[in-house]
Amino acid sequence: MHDIPEKTDQYVLNTYARAPFVLVQGQGMTVTDSDGKQYLDFVSGISVNALGHTDREITAAINEQIAQLSHVCNLYHTAPHADLAELLCTTSFADKVYFCNSGGEAVEAAIKFARKYARTAHNPGKTDIVAFTGSFHGRTAGALALTAREKYQAPFRPLMPGVSFAPFNDIDAAHKLIGPGTCAVFVEPVQGEGGVHIADPAFLEALRAACDHYGALLVFDEIQSGMGRTGKLWAHEHAGITPDIMTVAKALGGGLPIGATLLTDRVAAVMQPGDHGSTFAANPVICRAAEVVLRRVSDPAMLDHVTHMGEHLRARLQELHSPHIQEVRGLGLMIGVQMDIDVLPVVQQGYEHGLLLLNAGPTVLRLLPPLIIEETHVDQLIARLDAILTEIAAA
Ligand SMILES: *Cc1c(COP(=O)(O)O)cnc(C)c1O
């Protein structure tokens, strides 16, 4: 196993800086590397493993379905597909679901749906999209155009035209950009990659009103913030503002790849057979896994647990004695620790101390633990972080 990092470097395209160990097993809050060393997971594969690693019910659902039927494509009906679509609609604002395989694809679908809706319900010139500073909507070509990170966009210009960015949470600036030519406004109710920033309820309300005024669609990207992560099933429920389209992915598949674009009947009505599609989408095995995850994370007892553990974790983080911590913010178990130093050394020291940690930009430490986290895991995190921050202060 010691040659695995070398082999990865030799044969795998260099698009990620990987940690210097090889993970071989996971259970609950913990993953184990090839030397038998254990790590408490505060990353969840970037907000994916909501029920922790190797959950028994997910594993059983996968095993059962894969032994029965693993793929047929979208030319045929399957029960897992219909069942998951029904559950997504009954647990959200949506009337219809489009399935795909990742977050980026869910955003691409949302762009296409918004364009077709504007052209059909209004006019073909209504194609502009408004998004916000600090946004992250994905790496695919369309989603990249909505992602306000110069570093991500610069090498790949020209990007999809018609996109403009207003400062996040700035209502006046948003009003200046949203107009008759706008087909959609894309926003994360809680920005993840951009540094864990929560959209003000008044900001979302203003976007809703401006979209209604100009006949534009409001699109919430809940790929990271959805699926119970913030203590509500969907983060926008905190603000009480409903979108026309919502993108979901990450935690939905219980570790397997799936994305979904949720929409209202009004928007769905413009899409016809042949307008969009995907070979792998709505894979029956993944749909069965997703049904387990969605049923479990939408349980009010689970959402209460997330709220309680989120408050507890933020309170404990606030007690840490480090001159470098400027702010602890977040909603539920989507937490950012704003520091005044580069946090990559903290993430790296975390490995030594048996912690998987994540950054969000250069100076924000991001915590996205499995939603099944208990107080004892928080205790361990705080003790280890305390040691790490002491080491960094001494260095
Ligand atoms: C991760 C993420 C995406 C992209 O999802 P992929 O599955 O990596 O393509 C899009 N939007 C948000 C808010 C995300 O966090």
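Just so you know, these numbers come straight off a predicted model, no measurement behind them.
The environment of Q27 atom CD is sparse: at most 12 non-hydrogen atoms of other residues, nucleotides or ligands sit within 6.0 angstrom. Summarising the local packing, CD of E64 is surrounded by 12 or fewer heavy atoms from other residues, nucleotides or ligands at distances under 6.0 Å. Residue R329 qualifies as enclosed at atom CZ: its count of foreign heavy atoms under 6.0 Å is above 12.
Using a 4.0 Å cut-off between a side-chain N of Lys or Arg and a carboxylate O of Asp or Glu, R288 and D83 qualify as a salt bridge. Here D212 pairs with R208 in a salt bridge; the nearest charged N to carboxylate O distance falls below 4.0 Å. The pair D275-K112 fails the salt-bridge criterion, with no side-chain N (NZ, NE, NH1 or NH2) lying under 4.0 Å from an Asp/Glu carboxylate O.
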Inset, instruction - Could you check R157 against E150 for salt bridge (Lys or Arg N to Asp or Glu O under 4.0 Å), going step by step and ending with a plain yes or no? - result: CA-CA 10 Å; R157 295 216 161 87; E150 182 59 18; 3.1 Å; yes
Inset, instruction - Tell me, with the steps shown, if L385 and V337 meet side-chain contact (heavy atoms from CB on, under 4.5 Å). - result: CA-CA 12 Å; L385 262 184; V337 181; over 6 Å; no
Legend entry - Residues H81, N74; criterion side-chain contact (heavy atoms from CB on, under 4.5 Å); working and verdict: CA-CA 9 Å; H81 181 196; N74 280 291; 3.7 Å; yes
Inset, instruction - Might you work through the side-chain contact (heavy atoms from CB on, under 4.5 Å) test for F165 and L177, ending with a clear yes or no? - result: CA-CA 8 Å; F165 297 103; L177 291 185; 5.7 Å; no
Inset, instruction - Applying side-chain hydrogen bond (donor to acceptor under 3.5 Å, both in side chains), run through D221 and T247 and close with a yes or a no. - result: CA-CA 5 Å; D221 183 344; T247 54; 3.1 Å; yes
Legend entry - Full working for side-chain contact (heavy atoms from CB on, under 4.5 Å) between F42 and M29: CA-CA 8 Å; F42 281 83; M29 279 288 297; 4.2 Å; yes
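Side chains of H236 and M246 form a contact here, defined as non-hydrogen atoms less than 4.5 Å apart. Residues F99 and N283 form no side-chain contact, since every pair of their non-hydrogen atoms from C-beta on lies 4.5 Å or further apart. No side-chain heavy atom of V43 sits less than 4.5 Å from a side-chain heavy atom of L368. I382 is listed as a side-chain neighbour of L317, based on a closest heavy-atom distance under 4.5 Å. Within the 4.5 Å cutoff, no side-chain heavy atoms of Y117 are placed close to those of I245. Proximity of V130 to S164: side-chain heavy atoms (C-beta onward) are separated by under 4.5 Å at one or more points. Residues F186 and V163 form no side-chain contact, since every pair of their non-hydrogen atoms from C-beta on lies 4.5 Å or further apart. Looking at heavy atoms from C-beta onward, L294 lies in side-chain contact with M227 at the 4.5 angstrom threshold.
Distance check, rounded to the nearest 0.5 Å: CG of L381 to CG of L313 gives 6.0 Å. Interatomic distance, I373 CD1 to L333 CG, rounded to the nearest 0.5 Å: 6.5 Å. Within the model, atoms CZ of F280 and SG of C73 stand 10.5 Å from one another, a figure rounded to the nearest 0.5 Å. With values rounded to the nearest 0.5 angstrom, Y98 atom OH is found 5.0 Å from S278 atom OG. How far CD of Q326 is from CD1 of I341: 10.0 Å, rounded to the nearest 0.5 Å. Separating the CE atom in M339 from the CG atom in N359 is a distance of 12.0 Å, to the nearest 0.5 Å.
The hydrophobic clustering, which links ILVMFWY residues whose side-chain heavy atoms are closer than 4.5 Å, places M334 and L358 together. V292 and L252 end up in the same hydrophobic cluster when Ile, Leu, Val, Met, Phe, Trp and Tyr side chains are linked at under 4.5 Å. L159 is not connected to F132 by any chain of hydrophobic side-chain contacts under 4.5 Å among Ile, Leu, Val, Met, Phe, Trp and Tyr, and they are in different clusters. The hydrophobic cluster containing I258 also contains I62, counting ILVMFWY residues as joined when their side-chain heavy atoms lie under 4.5 angstrom apart, directly or transitively. Placement of F156 and F136 within a single hydrophobic cluster is found when ILVMFWY residues are connected by side-chain heavy-atom separations under 4.5 Å, directly or transitively.
Distance alone, capped at 3.5 Å, is enough to place a donor-acceptor pair between the T147 side chain and the H137 backbone. Remark: the backbone N or O of D9 is not paired with any side-chain donor or acceptor of N14 at under 3.5 angstrom. Q224 contributes no side-chain N or O that, together with a main-chain N or O of Q191, makes up a donor-acceptor pair within less than 3.5 Å. For the pair H308 (side chain) and H305 (backbone), a donor-acceptor distance under 3.5 Å is absent. A donor-acceptor pair is defined here as one N or O able to donate and one able to accept, closer than 3.5 Å; such a pair exists between the side chain of E108 and the backbone of G142. Counting only distance, with no hydrogens or angles, the side chain of D33 and the backbone of D35 share a donor-acceptor pair below 3.5 Å. Counting only distance, with no hydrogens or angles, the side chain of R115 and the backbone of T127 share a donor-acceptor pair below 3.5 Å. A donor-acceptor distance shorter than 3.5 angstrom exists from the side chain of K126 to the backbone of P180, with no hydrogens or angles considered. Counting only distance, with no hydrogens or angles, the side chain of D244 and the backbone of L217 share no donor-acceptor pair below 3.5 Å. The backbone N or O of G26 sits less than 3.5 Å from a side-chain atom of T54, completing a donor-acceptor pair.
What you find for T120 and K116 is that their closest heavy atoms are OG1-O, 2.6 Å. Annotation for C287 and P80: closest pair CB-O, 3.6 Å, computed over non-hydrogen atoms. L87 and T91 make their closest contact through O-OG1, 2.7 Å (heavy atoms, listed as atom of the first residue, atom of the second, distance). Taking each heavy atom of L355 and Y39 in turn, the nearest pair found is N-CD2, 4.0 Å. Contact detail for H53 and T30: the closest heavy-atom pair is CD2-O, 4.0 Å. Scanning all heavy atoms of the two residues, the minimum distance from T133 to P167 falls at OG1-CA, 3.3 Å.
In this structure, F113 and H276 have perpendicular ring planes: the angle between them is above 60°, well past the 30° mark.
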Just list the side-chain donor-acceptor pairs under 3.5 Å for residues 195-207, sequence neighbours left out, or say none.
none

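Just one residue in the list N101, V293, V285 forms a side-chain contact (heavy atoms from CB on, under 4.5 Å) with L256, and that residue is V285.
Remark: R316 pairs with E319, D379 by the salt bridge (charged side-chain N to carboxylate O under 4.0 Å, His left out) rule, at least two apart or across chains.
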